[in-house]
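Working notes, beginning with the structure itself.
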Amino acid sequence: MVVTEFLLSLGGMTRWDEILTLPVQNPTTLEFSAADIMWSMVEGWRDSMDRLALIPYSRVNDFVRGESNNKDCPTKFHVEARRRRSPTMNCKPKVDGILEYILYWCSFGPDDYRKGGSVRPSRPFSQKRKTPAGRPNTKRGCSCHFIVKRLIAEPSVALVIYNHNKHVDKKGMPCHGPMDKMAVGTKAMFAPYISDELRLQVMSLLYVGIPVETIMQRHTEMVQRQGGPSNRDDLLTHRFVRRLERKIRRSVYELDDDDAVSINTWVETHQDQIFFYEDFSNTDTFALGVQTDWQLQQMIQCGNRSLLVSDSRFGTNKLKYPVHSILVFDEQKNAIPVAWIITPNFAHGEIYRWMGALYDRAHTKDPTWQLGGFIIDDPLADVRAIREVFKCPVLISLWRIRHAWHKNLVNKCSDIVKRSAMAGRLGDIIFSICRGNGGVELFEAFLQDFIDCTDFLDYFRALWIPRLGAWTTVLKATPLATAEAASAIESYHHLLKLRLLNEADENVYQRADWLVHKLGTKVHSYYWLDEYSGKDNFSRYWRSEWNSGPNPWRQGLKIPDSDVSVEGNCARVVSQKNKGKSHLVLNPGSDFALCDCSWSRKGNLCKHSIKSTKVCRDRGLVQPSLALFRYYQVLASLVRCPPSDTLISDHAMAVAVSVRRQLDTLLCASPANPPNGPAFPASQFASRPRESEIEEDNTENGVSASQSHAASGNDEEDVHIDQDSPTCKRKSGKASGENEELSTDKDSPTNKKRKSGEASDDEGTSVVQGMQPPETSSQATEGTDGSA
Ligand SMILES: [Zn+2]
Ligand SMILES: [Zn+2]
């Protein structure tokens with residue numbers, strides 16, 4: 001009955017061509033309400049006046065959320081009725097043809113369960129529904145509702161029609177919220193449901209294993225501290241939390257025996273978490289892009305005028321479908337995932353397929369959203385596609401190379417002196433290449449000079465020689481991301497390994513449905529908690545070996561200068577935990593510094609290396625970082641060849657000169673960079689011209705990201721994390737990530753050329769295995785490490 005009434009209300013009274021020429025309104029806030037929109041009045045049914053507005057169809061949920069979070073009268077809008085045109089139906093040629101019709105109603109109505117209120121006769125299907133729309137016992141006859149129509153003529157647009165925009169009952173009296181005298185002291189004061197934020201919080205806590213009782217206890221304590229409930233979230237009930245817990249416990253990832261069918265079903269029921277999907281039937285490859293609402297928010301907030309990072313391959317050795325992560329840096333400069341893309345091995349690199357969809361999703365929500373820079377980790381990444389989509393400079397991170405070489409030097413070269421000589425030499429080669437002095441031939445000389453270190457050289461020849469050409473080209477042409485960013489990405493990668501690849505039954509790694517399920521639930525929850533300010537109240541979280549702490553970068557900068565002494569090519573850094581001990585860092589100041597702590601011995605950038613590098617630079621013992629060097633270089637070239645447009649040119653010159661002056665002061669002054677954060681305050685660049693090249697580098701330096709990580713900090717503890725943790729029930733403790741970058745890197749150049757993923761994968765594996773006492777020896781080494 002209600003429905004037809006509304007269908008009729010527009011019939012014939014308004015000219016559709018007029019409606020369609022109304023502006024499409026798209027407020028730039030994450031959610032928005034009726035108050036943020038200009039409404040057009042239209043004569044409606046029974047002489048009432050309707051309000052009309054057009055908004056992008058993709059933002060209907062943001063509007064519903066905004067309307068629900070009405071400050072004067074918090075509520076929740078539910079879908080009271082919905083009609084969809086089935087795809088098989090012939091489209092009416094009429095201009096007012098409707099693809100979809102949705103009626104949203106305030107959850108305090110339309111029925112009235114108060115004394116003397118009226119209830120509609122029950123609908124035939126209403127009893128079968130598991131979750132009734134709205135909670136019957138909270139219904140108070142509210143008549144506030146609106147309609148959303150998606151028109152055939154303009155499917156990207158939603159027509160919102162507001163008939164009753166006041167939260168009143170049939171008599172026109174306030175029937176819930178602070179204006180309703182009868183509601184005072186009851187739940188009807190507040191919205192009928194907890195907020196999406198609290199729901200996500202509770203779900204995340206449950207997913208990481210925090211018991212219902214603990215969650216409720218912390219919640220009650222919090223409400224008591226603030227002197228009783230003051231909003232809907234304070235009314236969280238035990239029953240509600242228990243119900244969520246049961247739902248989680250009973251959920252299964254395997255929705256069908258057939259993985260492909262299962263993933264299709266998952267996609268159907270998780271539309272709001274997917275920004276891109278092509279199954280095998282559409283093209284010959286499969287690609288699934290996952291992004292939750294929370295991730296989208298992070299991408300918009302942390303990515304705007306800042307950086308997005310691509311961690312292009314995770315789990316190539318273990319997973320049937322490796323994970324491609326897109327990361328942003330949070331305030332602490334930790335890397336957090338804002339999207340995961342799952343494709344078969346051989347499809348990697350085809351980022352143009354989903355990149356546009358990712359950009360559109362952020363851009364639709366915030367049309368002013370603009371990226372400052374995009375960091376890639378793969379020399380074969382489609383740089384042109386990235387530039388076209390995100391309209392921003394592209395930078396490359398060395399972390400994969402650095403990590404793989406470092407780790408394999410530790411595992412394959414037992415002579416410490418030789419090891420550090422090789423690492424130092426590799427660092428010098430990279431430095432030369434980036435400065436434009438030389439190319440691949442430098443590696444040939446390296447192979448000659450260290451010919452007796454066969455284990456490492458075999459590895460290097462097999463895995464790296466074939467792809468050094470691509471790396472050399474990219475290093476010459478592309479600005480470098482900072483070591484701080486590299487450290488953050490490295491830590492993210494490590495943490496993901498702990499959080500994702502810890503299944504007792506490794507067969508599940510062959511299933512895509514398991515992968516999306518685990519990423520979207522448990523793994524997502526951990527990253528959500530990392531950012532949650534109240535996480536420290538839950539010992540289960542901070543005791544967890546999977547949590548994230550201050551990243552090595554931050555920890556490194558906290559070490560006092562007096563704890564570092566540099567002599568020749570080595571530095572001693574006093575252990576921060578045990579002042580009686582110290583760590584030896586070889587090649588301090590180089591990107592390839594080697595420390596004897598366990599975190600470094602796994603190939604990671606440790607806080608001791610970071611600190612000793614900083615000390616060396618401050619004292620002028622080594623050259624500035626490559627990132628800084630590149631920055632300088634571009635500034636210089638800008639001064640030499642100014643852009644042709646005089647306006648831009650003048651401005652760019654002014655900026656360049658001023659920045660150069662500041663740089664000089666920074667580099668000359670002794671306690672150089674401020675301890676936390678970028679060397680260059682963002683404000684200096686506030687007005688720089690978009691087009692000029694200067695932008696390009698500034699991003700790279702302005703960047704300075706850094707990261708997280710679990711173990712990183714605790715000198716010896718990181719080892720336990722990998723191996724002894726009871727939660728890691730992996731059969732072979734290590735395997736997961738250790739070979740990862742082997743296979744990982746190995747797939748890249750070869751794979752792209754011949755499109756057969758399997759072939760090259762096998763080839764890769766055999767290479768690894770061929771010389772893979774490393775696999776075992778690596779475990780052995782780390783074992784020793786741990787016990788040491
Ligand atoms: Zn209402
Ligand atoms: Zn160290």
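Just so you know, these numbers use all the heavy atoms, side chains as well, and skip hydrogens, waters and symmetry mates. Atoms within each ligand, like the ligands themselves, are counted from 1 in listed order.
Among the atoms of H176, an N, O or S atom is found under 2.8 Å from the Zn ion (ligand 1). When distances to the Zn ion (ligand 1) are checked against a cut-off of 2.8 Å, C142 contributes an N, O or S atom below that limit. The Zn ion (ligand 1) does not have C73 among its coordinating residues (no N/O/S atom, backbone or side chain, under 2.8 Å).
Rounding to the nearest 0.5 Å gives a distance of 12.5 Å between OH of Y104 and CD of E80. A distance of 12.5 Å separates CG of D62 from CD of E67, quoted to the nearest 0.5 Å. Atoms CZ and CG, from F77 and N61 in turn, are 14.0 Å apart once rounded to the nearest 0.5 Å.
Ion pair D415/R419 not flagged as a salt bridge, since none of the NZ, NE, NH1 or NH2 atoms sits closer than 4.0 Å to an Asp/Glu carboxylate oxygen. With salt bridges taken as basic N to acidic carboxylate O contacts below 4.0 Å, one links D293 and R65.
The number of heavy atoms from other shown groups lying within 6.0 Å of CZ (R572) is above 12.
Of all protein atoms, those that are N, O or S and lie under 2.8 Å from the Zn ion (ligand 2) total 4.
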Does the pair D377 and R400 meet the rule for a salt bridge (charged side-chain N to carboxylate O under 4.0 Å, His left out), with working shown? CA-CA 7 Å; D377 64 348; R400 276 182 191 278; 2.6 Å; yes
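Ring centroids of H406 and W399 are separated by 6.0 Å or more, keeping the two rings apart.
Nearest N/O/S atom of H167 with respect to the Zn ion (ligand 1) is recorded as ND1.
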